[in-house]
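A short write-up of the structure that comes next.
By convention in this document, chain letters (A, B, ...) are assigned in the order of the sequence lines, proteins followed by strands, and residues within each chain are numbered from 1.
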2 protein chains.
Amino acid sequence: MGVTKTEIFTEQQNRLADLAKAFAHPARVAILQLLAQKKACVCGDLVDELPLAQATVSQHLKELKRIGIIQGDINPPRVCYCINETVWEEARQAFGSLLDTFAVTTTGCC
Amino acid sequence: MGVTKTEIFTEQQNRLADLAKAFAHPARVAILQLLAQKKACVCGDLVDELPLAQATVSQHLKELKRIGIIQGDINPPRVCYCINETVWEEARQAFGSLLDTFAVTTTGCC
DNA sequence: TACATTCATCGCAATATTACGATGTATTTT
DNA sequence: AAAATACATCGTAATATTGCGATGAATGTA
């Protein structure tokens, strides 16, 4: 159906899946890398850095904002985007704790 | 179009996006949590643990195998699934290094 | 051999995602 | 006021994803 049955999973699982979506497209990875590497906000040059149409970049930015991992502050005539530190940290912990689960209890099976 | 322009991004970006897809659906998060928490392989009970049809679970397992993060060892009449440690570690480093990029250089902008 | 068990795959329907041109909305500049 | 700049949104087309019933393939069991 293309529709995810979110109601049958835990809040935590749905949230982690949503956070993962932020990284689940190379264009969004590129955007997040740019924002994370710069020490300041990126104001507008995002479209220039990516070989995608302005409308497409805007759509990816919208999705990242929906997830909450970035924020856009209007600073006419431009908009300044930057990482939302709180959500970034949330992602760090969410991925970290899941990915560390295995690292410690590993007991080579199969 | 629904088709990602993978050719315009780096190998690294495409790989990270692919690894993220493993976590980008709550059912796959649930599967990976089960596999990571158990100390041994999970042989077949996966369908019982999830409120999804067998065909659907099988499809998610196929996607996880394509990404490489799990492996399925045939052990008739069952198949034993477990985390692929190498790829799991790859994901840990990939997410870790990106998510840590910001943590150290943070300089509150906006 | 016939049957049951376990899992993969096929085929379908519904929805989601990706991409982009065109257009709309503010705001600044001339 | 008119034009330019920067970005969002709309509409559309193409492809991908999600989910499931039905069916197929492989192995073990009666």
Side-chain angles (χ1 to χ4, degrees), chain A residues 1-9 13-14 17-32 34-35 41-67 70-82 110, chain B residues 1-9 13-14 17-32 34-35 41-67 70-82 110:
Chain A
M1 304 168 185
V3 65
T4 298
K5 291 182 149 186
T6 55
E7 71 280 4
I8 62 178
F9 299 104
Q13 287 166 337
N14 285 315
D18 228 27
L19 287 170
K21 276 186 196 169
F23 299 91
H25 190 286
R28 293 198 290 270
V29 169
I31 291 172
L32 291 172
L34 280 169
L35 293 182
C41 297
V42 172
C43 298
D45 343 307
L46 281 173
V47 176
D48 303 328
E49 306 268 14
L50 300 170
L52 291 171
Q54 183 263 328
T56 306
V57 174
S58 194
Q59 204 164 7
H60 282 301
L61 290 169
K62 185 182 181 183
E63 175 68 2
L64 291 172
K65 276 190 284 187
R66 182 192 65 76
I67 295 165
I70 70 168
Q71 60 194 69
D73 294 303
I74 296 169
N75 194 350
R78 291 165 172 279
V79 177
C80 291
Y81 294 101
C82 60
C110 296
Chain B
M1 304 168 184
V3 66
T4 299
K5 291 182 151 187
T6 54
E7 71 281 3
I8 61 179
F9 300 104
Q13 288 167 336
N14 284 315
D18 228 28
L19 287 170
K21 277 187 195 169
F23 298 90
H25 190 287
R28 293 197 289 269
V29 169
I31 290 172
L32 291 172
L34 280 169
L35 293 181
C41 297
V42 173
C43 297
D45 342 309
L46 282 172
V47 177
D48 303 329
E49 306 267 16
L50 300 169
L52 292 171
Q54 183 264 325
T56 307
V57 175
S58 193
Q59 205 163 5
H60 282 302
L61 290 170
K62 185 182 181 183
E63 175 68 3
L64 291 173
K65 277 190 283 186
R66 181 191 65 77
I67 294 165
I70 70 169
Q71 60 194 70
D73 293 301
I74 297 170
N75 194 351
R78 292 164 170 280
V79 177
C80 291
Y81 294 100
C82 60
C110 295

Item checked: Atom-to-atom span, CG of L52(A) to P of dA19(C) - whole angstrom -> 6 Å

Check: Rounded to the nearest 0.5 Å, how far does CG of D18(B) lie from CD of E63(B)?
Finding: 7.0 Å

Notebook entry, point to check: Among the nucleotides dT9(D), dT15(D), dA6(D), which one has an atom lying closest to any side-chain atom of V3(B)?
Noted result: dT15(D)

Next item on the list: Identify whether any heavy atom of T56(A) sits under 4.0 Å from a base atom; if not, whether one sits that close to sugar-phosphate; answer base, sugar-phosphate or nothing.
Entry: base

Check: Tell me: CZ of R66(A) to C1' of dA8(D), nearest whole Å?
Finding: 17 Å

Notebook entry, point to check: Over how many whole Å does the gap from L50(B) atom CG to dC20(D) atom P extend?
Noted result: 11 Å

Item checked: Least distance between heavy atoms, P26(A) atom then T4(B) atom -> CG-CG2, 3.7 Å

Item checked: Contact under 4.0 Å: Y81(A) side-chain N or O vs dA6(D) OP1/OP2 -> no

Margin query: Closest-nucleotide mapping onto DNA chain C: is E63(A) or S58(B) further toward the 5' terminus? I mean the 5' end.
Written below: S58(B)

Notebook entry, point to check: Roughly how far, to the nearest 0.5 Å, is CG of N14(A) from NE2 of H25(B)?
Noted result: 9.0 Å

Next item on the list: Look at the side-chain N and O atoms of H60(A) and state whether any lies under 4.0 Å from the OP1 or OP2 oxygen of dA19(C).
Entry: yes

Checklist line | Min side-chain heavy-atom separation L32(A)-I70(A) under 4.5 Å | finding: yes

Next item on the list: Grab the two heavy atoms, one from V29(A) and one from F23(A), that are nearest each other, plus how far apart they are.
Entry: CG2-O, 3.2 Å

Next item on the list: Report yes if a side-chain nitrogen or oxygen of K62(A) is closer than 4.0 Å to either non-bridging phosphate oxygen (OP1 or OP2) of dC7(D); otherwise report no.
Entry: no

Next item on the list: Could you check how far CD1 of I31(A) sits from C1' of dA19(C), rounded to whole Å?
Entry: 13 Å

Check: When rounded to the nearest 0.5 angstrom, what is the spacing between CG in L50(A) and CG in L34(A)?
Finding: 6.5 Å

Next item on the list: Look at the side-chain N and O atoms of K5(B) and state whether any lies under 4.0 Å from the OP1 or OP2 oxygen of dC20(C).
Entry: yes

Notebook entry, point to check: Between atom CD1 of I31(B) and atom CG of L61(B), what is the distance when rounded to the nearest 0.5 Å?
Noted result: 4.5 Å

Checklist line | Inter- and intrachain pairs under side-chain hydrogen bond (donor to acceptor under 3.5 Å, both in side chains), touching residues 41-60 of chain B, at least two apart | finding: R28(B)-H60(B)

Next item on the list: Under 4.0 Å from any atom of DNA chain C, heavy atoms only: list the residues of residues 18-28 of chain A that qualify, in numerical order.
Entry: K21(A), H25(A), R28(A)

Next item on the list: State, to 0.1 Å, how close L52(A) and F9(B) come at their nearest heavy-atom pair, and which atoms those are.
Entry: CD1-CZ, 4.1 Å

Checklist line | Closest to side chain of Q59(B), choosing from dC7(D), dA8(C), dG19(D) | finding: dG19(D)

Notebook entry, point to check: Could you give the CG-to-P distance, from N75(B) to dA8(C), as a whole number of Å?
Noted result: 13 Å

Next item on the list: Write down the atom of Q71(A), the atom of D73(A), and the distance for their closest heavy-atom approach.
Entry: NE2-OD2, 3.7 Å

Notebook entry, point to check: Picking from dC7(C), dA19(C), dG19(D), which would you name as closest to the side chain of R78(B)?
Noted result: dC7(C)

Check: Which letters describe nucleotides 22-30 of chain C, given B = protein heavy atom under 4.0 Å from base, S = only from sugar-phosphate, - = neither?
Finding: -----S---

Check: L61(A) has an atom CG; how far is it from atom C1' of dC20(C), in whole Å?
Finding: 15 Å

